[in-house]
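Working notes, structure below.
Atom set for the values below is all heavy atoms of this structure, side chains included, hydrogens, waters and symmetry mates excluded.
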Amino acid sequence: ETTAQLKTVVKADSEFQSKSWQSMQTMEQQTKVETKKEMVQEVTSAPKFLSPLKGTNVILEGQKAHFECRIEPQNDPKLQVQWFFNGTVLSASSRIQTFHDFGYVALDIHDVKKEDAGVYTLVATNVLGTEKANVELRVDAHAAVDFSSLHS
């Protein structure tokens with residue numbers, strides 16, 4: 001709802017032209033313009049994943065793991081998104097980065113290690129509910145180097 005109130009006062013041109021610069025500034029300072037804008041945004045739905053968590057489930061050590069999905073409502077400023085690793089809150093770090101912007105949610109894990117293998121859970125919550133999605137990451141070691149020699 002927007003409301004406005006406008007009050008105008010008509011003064012003769014001669015009166016305005018006869019005023020000094022200082023008196024015009026004083027007159028402008030006495031005139032106050034008040035603007036009030038109120039925006040109400042209503043949450044209409046509980047969080048809902050528009051796609052499953054997508055990404056590479058099996059990765060080699062040292063590579064980058066990436067998981068993403070789309071979520072709605074996109075315009076809910078109070079929507080909270082949180083990642084968990086094996087049931088524990090996952091904190092961002094130099095290797096682990098999370099993104100949540102306009103319905104796009106992603107998790108990047110750089111320089112993946114064996115210890116990063118496990119279940120990653122995305123939890124989205126707003127005032128109308130909670131939604132969860134899981135993805136399992138398997139981390140394989142690089143092939144062992146064969147030090148045997150063909151020459152005996």
> Would you say the side-chain atoms of Asn86 pair up with the backbone N or O of Val119, donor to acceptor, closer than 3.5 Å?
Replying inline: yes

> What residue pairs, at least two apart or across chains, pass ring-ring contact (aromatic ring centres under 6.0 Å, His included) with a residue in residues 50-78?
Replying inline: none

> Considering all heavy atoms of both residues, which atom of Asn126 and which atom of Pro73 are nearest to each other, and what is their separation?
Replying inline: ND2-CG, 4.0 Å

> Taking C-beta and beyond as the side chain, do Leu90 and Tyr120 meet within less than 4.5 Å on heavy atoms?
Replying inline: yes

>> According to salt bridge (Lys or Arg N to Asp or Glu O under 4.0 Å), who are the partners of Lys132, at least two apart in sequence or on a separate chain?
In response: none

> Between Pro47 and Thr130, is any pair of side-chain heavy atoms under 4.5 Å apart?
Replying inline: no

>> Checking one residue: Phe84. Which other hydrophobic residues are in its cluster under the side-chain 4.5 Å linking rule?
In response: Val89, Val123

> Is there a side-chain contact between Phe49 and Leu122 (heavy atoms, below 4.5 Å)?
Replying inline: yes

> When rounded to the nearest 0.5 angstrom, what is the spacing between OH in Tyr104 and CD in Gln74?
Replying inline: 13.5 Å

>> Just so I know, are the side chains of Glu131 and Lys48 near enough to count as touching, which here means a heavy-atom distance under 4.5 Å?
In response: no

>> Name the residue from Val112, Val58, Ile59 that meets the side-chain contact (heavy atoms from CB on, under 4.5 Å) definition with Asp140.
In response: Val58

> Which value, rounded to the nearest 0.5 Å, describes the distance between Phe85 atom CZ and Leu107 atom CG?
Replying inline: 10.5 Å

>> I'd like to check Asp108 versus Lys64 (side-chain heavy atoms, cut-off strictly below 4.5 Å). Are they in contact?
In response: yes

>> To the nearest 0.5 Å, what is the distance between NZ on Lys114 and CZ on Arg138?
In response: 8.5 Å

> Under a 4.5 Å cut-off applied to non-hydrogen side-chain atoms, are Ser91 and Ile96 in contact?
Replying inline: no

> Phe102: which other cluster members, linking ILVMFWY side chains closer than 4.5 Å, directly or transitively?
Replying inline: none

Taking only distance into account, with no hydrogens and no angle test, what donor-acceptor pairs under 3.5 Å do side-chain atoms of residues 50-57 form with protein atoms, sequence neighbours excluded?
residue	atom	partner	partner atom	Å
Ser51	OG	Arg70	N	3.2
Asn57	ND2	Glu136	O	3.1

>> According to salt bridge (Lys or Arg N to Asp or Glu O under 4.0 Å), does anything in residues 79-104 pair up with another residue at least two apart or in another chain? List the pairs.
In response: Arg95-Asp116

>> Quick check: do Val139 and Leu60 have side-chain heavy atoms less than 4.5 Å from each other?
In response: no

>> Holding to side-chain contact (heavy atoms from CB on, under 4.5 Å), I want the full list of residues that pass it with Gln80, two or more places apart in sequence or in another chain.
In response: none

